[in-house]
Amino acid sequence: MPAPRRRPAPGAQAVTAADDLPVARVVVEVPVLRLDHTYDYLVPVSMADGVTAGVRVKVRFGAQDVDGYVLERLATSEHEGTLRPLRRLVSTEPVLPNASARLCRVVAEHYAGSMSDVVRLAVPPRHARTEDEPLAEAAVTTGEQPHNGSRSPMAPDGPAPGASAPHGSAPTDAGPWSGLAGGEAFLRHAASGAAVRGVWTALPGRWTAGGSVLADDGWEDMVARAVRVVRDSGRGVLVVLPDARDVDRLSRALDAAGLRDATASGRTLPDDVGRAHGYVRLLADDGPAQRYRAFLAALRGHARVVIGTRAAAFAPVAELGLAVVWEDDDPLHAEQRAPYPHVREVLALRSEAEGCALLVAGLGRSVEAQALVRSGWAHEIGAARAVVRERAPRVRALTRVEVAREGPAAVARIPSAAWRIAREGLAQGPVLVQVPRAGYVPVTACGTCREPADCPDCHGPLGLASGSSTPQCRWCGRLAAAWSCPRCHGSTLRSVLVGSERTAEELGRAFTNVPVRISGARSAGGVLATVSGASALVVATPGAEPVAAGGYAAALLLDAGVATAGTQLRTRQDAVRRWLTAASLVRPATAGGVVAVVGDGDEVVTGALVRWDPAGLADRELDERVELGLPPAVRVGALTGPRQAVMAVLAETTLPPGATVLGPVPVTPADGGAPVLGGELGDVRAIVRAPRGEGRLLAASLRAGVAGRGARRGAGTVRLHMDVADLV
DNA sequence: CTTGCACTACTA
DNA sequence: AGTAGTGCAAGA
């Protein structure tokens with residue numbers, strides 16, 4: 001093979017390569033799938049010492065300068081042509097160490113994306129000044145205030161963190177974990193460095209009727225305890241939570257457990273203090289400097305515990321012993337940028353790649369977590385039924401049937417039973433009122449019984465284009481002319497549009513002597529983190545429920561019909577998770593805590609809450625998914641782009657055995673309505689699904705199919721999204 | 001025989 | 001993606 005002709009790059013002067021390991025293997029930041037491999041460059045002598053695995057560099061790629069990361073130094077290259085020199089060493093900080101690079105590669109393969117896309121998610125933008133910042137003086141940090149709103153610190157239990165022997169000699173004090181089936185064993189194995197995997201369903205906090213705390217075993221105390229145990233064994237810990245409020249809540253528990261925020265107040269704790277007591281908070285909504293500072297503190301090992309929101313799933317943690325995802329069902333754990341990785345999957349891959357323990361935790365149970373349990377990949381950790389019953393509030397369903405017994409009063413949106421619960425609760429403390437987010441939920445449902453309508457063929461949701469009377473499946477495009485409801489055999493469909501506002505005003509008028517507080521992203525006061533234990537009505541949208549000191553005396557979950565309506569794959573899980581989040585802030589039944597579900601909600605979801613049995617619901621959902629061939633029982637890939645291009649990819653892709661193609665269907669409504677799913681006008685989407693066992697093969701073949709089709713054909717680009725959450 | 005721009009090939 | 005190199009059509 002003749003060596004390719006190469007012109008001297010303009011302005012390129014000859015450079016002498018380093019004597020030792022003159023070749024750098026580089027992953028370049030180019031967003032093109034077909035260019036997603038490593039490239040070899042020469043290390044100039046001037047950079048001989050600074051170029052190590054993980055550093056950022058600038059390289060000449062084609063006719064442009066691009067950013068890249070060095071993966072390794074080599075003595076020789078397998079590339080046959082001439083190598084070009086590295087252009088610039090951006091920084092000697094190894095921001096993509098080997099373990100991170102391996103994780104990025106594995107995640108890219110899992111999601112059929114490019115490594116460079118994943119690296120972009122994993123490494124925060126550089127903030128040069130932060131790199132040279134000196135560490136804080138030890139004296140400066142002593143007596144520093146822990147996180148705002150911290151409750152009184154619990155008595156320090158066990159040896160001071162890190163003060164004891166570095167490796168595992170401290171006895172494992174599992175604390176409240178001992179009360180859970182499988183809890184103590186999980187922590188013990190995790191602390192001994194085993195790659196155990198657990199799925200844990202947390203209980204609500206323990207409060208008395210008077211609103212005092214009986215024990216520090218709310219979920220944040222439990223997680224803090226797990227952090228302490230594994231950290232005291234000498235290993236690192238990573239906890240990923242949905243949003244900043246949850247991170248704050250865990251921060252307070254960590255502070256109470258004797259740990260310290262290593263980068264609070266814009267300075268990094270000295271190494272010895274940080275290593276022993278420090279944790280680092282990695283939050284997407286922090287500024288670039290603070291984000292990079294926290295990242296560096298983790299990277300440099302100044303703190304061995306990292307907590308944060310979804311990008312933290314990639315954080316470098318040396319000797320990672322335990323990775324935790326809290327509320328893995330929360331949509332915030334799904335990254336919105338290509339290749340759309342999910343925190344739970346990233347941590348699961350990490351558990352396999354780095355051999356660390358994994359804890360998938362939440363108040364509820366995701367279908368995906370249930371699948372991990374069912375397959376035997378993870379162990380179930382949870383309290384006995386008797387304990388659950390003792391800790392959960394009493395849940396009453398005020399459905400239409402229930403309310404009908406009241407007679408004419410049932411016409412009101414809030415039945416008298418709910419008013420009574422609120423009034424009685426207010427005598428004991430704060431009462432939470434959860435209202436579905438303002439706005440409209442478009443749903444196509446049976447005109448008679450309101451059951452959401454789905455495709456007789458593939459069980460996709462049925463859409464009804466305006467002006468058309470024939471429903472069409474939004475997955476496979478089939479016209480369901482002779483649709484009839486599988487439940488009540490009705491044959492009419494209707495678009496359900498429900499509004500949900502006014503509630504706060506209504507309640508405020510009814511209880512004039514009680515303060516009404518409102519918490520919500522769009523409300524004037526924003527989202528409240530906490531409220532006091534004083535009697536008050538607290539109206540909140542899902543996800544914005546403040547924690548009440550001493551727990552709520554009661555909660556009303558309004559408009560259950562709206563909360564559980566929807567055609568999306570996840571609504572039942574979403575609904576029960578939103579309800580559990582609210583209900584878990586209420587005092588236990590034994591302390592008089594009551595939750596009322598108001599309205600005609602899905603009976604399955606309502607039942608799961610009444611019995612406080614999220615695992616049962618997840619198990620049932622999983623059965624259904626298996627039967628219908630939906631994720632996580634199968635793996636799916638969505639191909640979106642111009643029809644011609646999507647068809648070309650499908651034609652040129654060798655799909656694994658057992659794979660089936662649904663669609664393609666237009667991604668924009670036929671009536672010219674607003675484009676959905678970020679698709680361009682006229683784009684189509686095809687879904688390819690394959691049995692879980694063929695998942696790797698499916699990802700690999702789709703990736704090859706999308707990459708192999710050159711841009712040369714000009715039919716447009718096809719976007720690939722594995723395991724889409726919204727199959728709608 | 002020039003100039004302008006669409007088309008495509010390539011990136012170490 | 002982004003760019004340089006190639007080929008063909010209109011202009012002088």
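Worth saying up front: this structure is predicted, and the values here are computed from it rather than measured. Convention: sequence-line order gives letters A, B, ...; per-chain numbering from 1. Worth knowing before you read on, the calculation uses all heavy atoms, side chains too, and leaves out hydrogens, waters and symmetry mates.
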Rounded to whole Å, CZ of A:Arg84 lies from P of B:dC10 at a distance of 15 Å
Rounded to the nearest 0.5 angstrom, the CG-CZ distance for A:Leu96 and A:Arg56 is 9.5 Å
Here the distance between atom C1' of B:dT11 and atom CG of A:Asp36, to the nearest Å, is 14 Å
Rounded to whole Å, the CD-C1' distance (A:Glu72 to B:dA12) equals 14 Å
So the ring pair (Phe, Tyr, Trp, His ring centres under 6.0 Å) pairs with at least one residue in residues 100-119 of chain A (sequence neighbours excluded) are none
A:His37 NE2 to B:dA12 C1', in whole Å, measures 9 Å
For A:Arg643, the salt bridge (Lys or Arg N to Asp or Glu O under 4.0 Å) test, sequence neighbours excluded, returns none
So the ring pair (Phe, Tyr, Trp, His ring centres under 6.0 Å) pairs with at least one residue in residues 46-72 of chain A (sequence neighbours excluded) are A:Tyr39-A:Phe61
Side chain to side chain donor-acceptor pair (under 3.5 Å) pairs touching residues 21-32 of chain A, sequence neighbours excluded, are A:Arg25-A:Asp40
In numerical order, the residues of residues 40-59 of chain A whose heavy atoms come under 4.0 Å of DNA chain B are A:Asp40, A:Tyr41
In whole angstroms, the gap separating P of C:dA4 from CZ of A:Phe61 amounts to 15 Å
Winner on side-chain proximity to A:Leu35, out of C:dA4, B:dT11, B:dA12, is B:dT11
Hits for salt bridge (Lys or Arg N to Asp or Glu O under 4.0 Å) against A:Glu131, two or more places apart or cross-chain, chain-then-number order -> A:Arg126
Legend entry - Main-chain N/O of A:Ala369 paired with A:Ser366 side-chain donor or acceptor, under 3.5 Å: yes
Rounded to whole Å, the CZ-P distance (A:Arg60 to B:dA12) equals 9 Å
When rounded to whole Å, the OH to P distance for the pair A:Tyr39 and C:dA1 reads 14 Å
Contacts of A:Val45 meeting side-chain contact (heavy atoms from CB on, under 4.5 Å) (sequence neighbours excluded), chain-then-number -> A:Thr16
When pairs are called at under 3.5 Å and a stem needs at least three consecutive Watson-Crick or G-U pairs, the stems of DNA chain B are B:1-11 with C:1-11
Those residues at least two apart in sequence (or on a different chain) that pass salt bridge (Lys or Arg N to Asp or Glu O under 4.0 Å) with A:Arg692 are none
For A:Asp49, the salt bridge (Lys or Arg N to Asp or Glu O under 4.0 Å) test, sequence neighbours excluded, returns none
Residues in residues 20-33 of chain A with a heavy atom under 4.0 Å of DNA chain C, by number, are A:Pro31, A:Val32
Residue pairs meeting ring pair (Phe, Tyr, Trp, His ring centres under 6.0 Å), one or both in residues 292-326 of chain A, sequence neighbours left out, come to A:Trp219-A:Trp326
Of the candidates B:dA12, C:dA1, C:dA4, the side chain of A:Gln64 sits closest to C:dA1
When rounded to whole Å, the CZ to P distance for the pair A:Arg34 and C:dG2 reads 16 Å
